[in-house]
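In what follows, a structure is listed as structure tokens, so that the remarks can point back to it.
These figures come from a predicted structure and were not determined experimentally.
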Amino acid sequence: LKYLANVDSQNWHSMHDEKAKIEKRIVLETLEKIRNNKDSNFLLNVIEVNPNLFKYLKPEEQNIKPIALIALQKKSSFFEYLDSTLKGDKEVGMIVVKQDGYLLKDLNENLQRDRDIVLEAVKTGKFALKYASDNLKSDEEIVLEAVKHSGRSLEYASDNLKSNEEIVLEAVKHSGH
């Protein structure tokens with residue numbers, strides 16, 4: 001576990017380096033031994049100490065919710081490895097949009113209609129409002145929060161909120177001009 005914690009898998013893309021090739025082989029062999037022991041707790045510990053190894057897990061391992069949650073807390077881009085069941089999970093969705101609200105676009109429609117998820121997404125994603133359900137594009141609190149982070153979000157608000165004085169003034173303040 002100590003060895004796996006110090007592995008820098010980011011360097012593996014430059015596989016011209018013999019040391020990187022050997023290190024990758026050792027790590028993948030170690031993960032295979034863990035799989036053979038069917039020890040998902042140990043696998044969970046591995047991802048806790050080195051979340052970058054998440055992408056080297058088998059899909060069925062990546063979709064063990066506790067393992068996925070640990071990895072996503074470190075790096076929202078691991079969302080792409082999840083199956084549709086976890087992509088539709090509210091807890092997973094919340095972790096992802098707290099880091100990058102723009103990923104609202106990749107959540108399923110149920111989560112794009114979830115007020116809590118969308119409210120969190122507009123705080124961290126400049127154009128997250130674009131991917132919210134039409135109903136939430138009419139929600140004054142959500143639109144106000146969105147324009148506070150990017151005035152250009154007003155473009156995605158419902159027509160009736162585009163003429164709301166408070167929202168328009170806030171959008172102008174945060175338009176970047």
| Under a 4.0 Å N-O cut-off, is there an ion pair linking Lys74 with Glu48? | no

| message | Using the side-chain contact (heavy atoms from CB on, under 4.5 Å) criterion, which residues pair with Ala71? Sequence neighbours excluded. | response | Ile47, Phe54, Phe78

| said: Listing request: all side chain to side chain donor-acceptor pair (under 3.5 Å) pairs with a residue in residues 116-125, at least two apart in sequence or in separate chains. | reply: Lys90-Asp116

| With sequence neighbours excluded, what pairs up with Leu169 under the side-chain contact (heavy atoms from CB on, under 4.5 Å) test? | Glu165

| remark: Contacts of Asn164 meeting side-chain contact (heavy atoms from CB on, under 4.5 Å) (sequence neighbours excluded), chain-then-number -> Glu140, Leu161, Glu166, Ile167

| task | Mind running side-chain contact (heavy atoms from CB on, under 4.5 Å) on Val122 and Ser153 for me, showing each step along the way? | result | CA-CA 9 Å; Val122 299; Ser153 292; over 6 Å; no

| said: For the CG atom of Leu107 and the CZ atom of Arg113, what is their distance to the nearest 0.5 Å? | reply: 12.0 Å

| message | For the CE atom of Met94 and the CG atom of Asp89, what is their distance to the nearest 0.5 Å? | response | 11.0 Å

| Which is it for Ser138 and Asn160 under the side-chain contact (heavy atoms from CB on, under 4.5 Å) test, yes or no, and what are the steps along the way? | CA-CA 7 Å; Ser138 296; Asn160 66 320; 4.2 Å; yes

| query | Taking His149 for the side chain and Lys126 for the main chain, is one N or O donor matched with an acceptor at less than 3.5 Å? | reply | no

| message | Assess the residue pair Arg115 and Asp139 against the criterion (salt bridge (Lys or Arg N to Asp or Glu O under 4.0 Å)); give the C-alpha distance rounded to whole Å, side-chain angles, the decisive distance to 0.1 Å, and a yes or no. | response | CA-CA 9 Å; Arg115 189 174 192 286; Asp139 184 304; 2.7 Å; yes

| said: With side-chain contact (heavy atoms from CB on, under 4.5 Å) as the criterion, how do Leu129 and Lys137 come out once you've worked through the C-alpha distance, each side chain's angles and the decisive distance to 0.1 Å? | reply: CA-CA 7 Å; Leu129 189 61; Lys137 290 176 183 178; 4.2 Å; yes

| remark: In Thr85, Leu82, Val97, the residue satisfying side chain to side chain contact (heavy atoms under 4.5 Å, CB included) with Val92 is Leu82

| request: Hey, could you give me the CG/CD1 distance between Leu104 and Ile117, rounded to the nearest 0.5 Å? | output: 8.0 Å

| query | From Phe79 CZ over to Gln62 CD, what is the distance, rounded to the nearest 0.5 angstrom? | reply | 13.0 Å

| Those residues that, when tested against Asp159, pass side-chain contact (heavy atoms from CB on, under 4.5 Å) (two or more places apart) | Lys162

| query | So does Asn110 have more than 12 non-hydrogen atoms from other groups sitting under 6.0 Å from CG? | reply | yes

| field | Qualifying side chain to side chain donor-acceptor pair (under 3.5 Å) pairs, either residue in residues 92-105, two or more places apart | value | Tyr102-Tyr131

